[in-house]
Amino acid sequence: MTNVSLKDRAAVVGVGVTEQGRTPGASNLTLAVDAFVRALDDAGLHKDQIDGLLTEPGTTEFGWALDYLRLGEALGINPSFTHTVMQGGSTAASLVQTAAMAVATGQATYVACVFGDTPRTSRGPRTTDAAHGNAEDSWGVWGALGAITWSAMSASRHMALYGTTSEQLGEVAVSARLHASLNPEAVMREPITLDDHRESRAIVDPLRLLDCCLVTDGGACVIVTSSERARDLRSTPVSIAGMGQAYTTEKLGHPDWWYGPHQRTAVTRAYEMAGIEPGDVRVAQLYDNFTISTILWLEHAGFCGVGEGGPFVEGGRIRLGGRLPVNTHGGHLSAAHPEGWLTVIEGVRQVRGEGGDRQVADADICLVTGRGMLLNCASALVLTR
Amino acid sequence: MDDYRKPLPVVTELNRPFWDGARREVLQVQCCTECGHLRYPIAEVCPRCLSGGVEWVPLSGVGEVFACVTYHRAYAPEFSDDVPYTVAIVQLDEGPRMLSNVVGPGRLDARVGDRVRVVFDAVTAQTTVPRFRLAQD
């Protein structure tokens with residue numbers, strides 16, 4: 001496929017992160033507004049300069065498709081380009097791509113991508129409904145409840161086919177927590193060991209408690225503009241050098257759904273646009289809703305072969321100081337869980353060199369990935385200086 | 001039987017033959033009258049050829065464990081007496097994959113590749129749920 005290349009046409013110029021964790025009294029909307037204000041400040045922009053507004057609705061409220069109207073009204077802005085998308089954990093990196101396309105084609109000048117969610121303090125959608133997933137499938141009938149089901153299935157099959165072990169999953173958890181311990185914004189900062197992982201209770205075997213991401217409240221915002229305009233702003237611009245998306249919409253109907261073949265497609269497209277190879281990536285932020293997800297991404301992103309993700313993480317290879325530091329903020333496993341947004345923002349911060357105690361030296365090329373819904377959606381960004 | 005509190009299928013005109021078949025202890029899925037593709041999940045049109053033509057055909061009910069997980073946590077109070085219980089994706093011999101449970105002897109030791117056979121669990125007077133047991137042979 002030939003692309004009208006968007007390589008380096010747009011840049012991230014502002015990021016905003018609210019308090020994460022438990023935010024009683026805050027709503028999805030107030031968190032989104034808070035994140036937006038912080039990102040504006042980071043970029044040095046005034047709200048009336050924002051003429052593109054892309055939102056991901058919080059997971060705890062319905063009326064999702066109208067989120068862009070509600071947030072626009074709250075912010076008192078009247079953009080020329082806007083919509084709301086729900087792709088679960090791949091939404092953030094996906095919206096940044098839409099924003100880049102909008103600024104590159106002149107549909108908007110400054111696009112704010114915004115999210116706020118309160119799954120920790122408000123009661124989320126009931127997952128015990130028999131129709132969870134798909135009314136025709138009635139998966140709740142068989143007790144297949146909760147987002148963990150599908151990643152546990154992935155882990156089950158990956159272990160059976162390739163010999164991946166729980167201890168290798170544990171290394172992913174230990175590594176994420178080590179990074180979170182260096183991140184003042186992270187919710188879980190107490191270091192853990194492989195023993196802690198092994199002794200944590202089974203949730204949906206083969207996944208244990210410490211294989212699971214956090215459930216937290218929080219908001220986040222990313223502002224995108226053209227590369228030309230980016231040079232005049234307050235922050236260090238981070239170029240969007242590559243982007244890609246792909247989807248496996250079929251679930252049981254697709255033999256490789258559990259593995260996520262679309263994730264490889266999304267990353268490959270991003271690499272091709274950026275003109276890079278896996279070996280060029282200095283640091284990676286890979287969507288880790290569960291530990292197995294990190295292992296799958298390492299394979300899909302070409303850092304190792306199919307089935308080799310487990311051995312790859314051994315020996316501290318994905319820890320700070322290792323060959324490929326992954327999820328340097330602590331990821332969804334230990335930092336916080338605004339669905340993929342902090343993954344993008346950590347990528348921006350690493351490329352800017354603002355990682356503080358967790359900064360990777362020469363982090364000039366960062367891969368960011370998102371995955372979402374029932375293993376259906378994938379998005380990838382290559383961020384560079 | 002009437003105190004069954006776990007989720008029941010949302011029966012629609014589309015999926016009614018599946019659940020009616022289960023009550024008769026027949027595992028049946030849709031077969032495209034245009035291209036012959038056996039499909040599951042249940043869908044309005046064939047995802048291969050987009051034809052709406054369909055006939056329901058019985059399957060052998062035999063297959064193998066494609067992936068399986070064991071719930072140690074009850075995500076709804078209705079399942080708290082069931083944990084630990086096993087949910088599996090079953091690869092049926094005729095081609096489709098189905099979400100279900102592995103029940104009966106050895107269920108907690110079920111492994112990917114194990115042979116399984118359908119059993120029918122009449123959970124209420126109106127509803128029978130297909131589940132799978134490890135094959136004895």
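Just so you know, these numbers come straight off a predicted model, no measurement behind them. Here is how names work: the chains are called A, B, and so on, in the same order as the sequence lines, proteins then strands, and each is numbered from 1.
To the nearest 0.5 Å, atom NE2 of residue B:H72 and atom CG of residue A:D205 are 4.5 Å apart. Summarising the geometry, atom CZ belonging to B:F132 is positioned 9.0 Å from atom CH2 belonging to A:W142; distances are rounded to the nearest 0.5 Å. Rounding to the nearest 0.5 Å gives a distance of 8.5 Å between CG of A:L145 and CD of B:E78. In this structure, A:K251 NZ and B:L99 CG are separated by 11.5 Å, a value rounded to the nearest 0.5 Å.
Contacts between B:P130 and chain A at a heavy-atom distance below 4.5 Å involve backbone atoms as well as side-chain atoms. Only the backbone of B:A88 comes within contact range of chain A, with heavy atoms under 4.5 Å apart. For A:I148, the part lying under 4.5 angstrom from a heavy atom of chain B is the side chain only.
Between the B:R97 side chain and the A:L252 main chain, a donor and an acceptor come within less than 3.5 Å of each other. B:R73 places no side-chain N or O within 3.5 Å of a backbone atom of A:V204 that could act as its donor or acceptor partner. In this structure a side-chain-to-backbone donor-acceptor pair under 3.5 Å is present from A:S156 to B:C68. Between the side chain of B:Y85 and the backbone N or O of A:G143, at least one donor-acceptor pair lies under 3.5 Å.
Heavy atoms only, all atoms of each residue included: A:G140 and B:P7 are closest at O-CG, 3.6 Å.
Residues B:Y75 and A:T149 have side chains that never bring a donor and an acceptor to within less than 3.5 angstrom of each other.
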Practice item. Applying side chain to side chain contact (heavy atoms under 4.5 Å, CB included), run through B:V69 and A:W150 and close with a yes or a no. Key: CA-CA 9 Å; B:V69 303; A:W150 317 110; over 6 Å; no

**Study point:** Worked verdict on B:V87 versus A:M153 for side chain to side chain contact (heavy atoms under 4.5 Å, CB included)
**Key:** CA-CA 9 Å; B:V87 176; A:M153 290 287 183; 3.7 Å; yes

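Most heavy-atom pairs under 4.5 Å with chain A: of the set B:T127, B:T70, B:V112, this distinction falls to B:T70. Contact count versus chain B (heavy atoms, under 4.5 Å) is highest, among A:A202, A:P206, A:S154, A:A155, for A:A202.
By the 4.5 Å heavy-atom criterion applied to side chains, B:K6 and A:V141 are not counted as neighbours.
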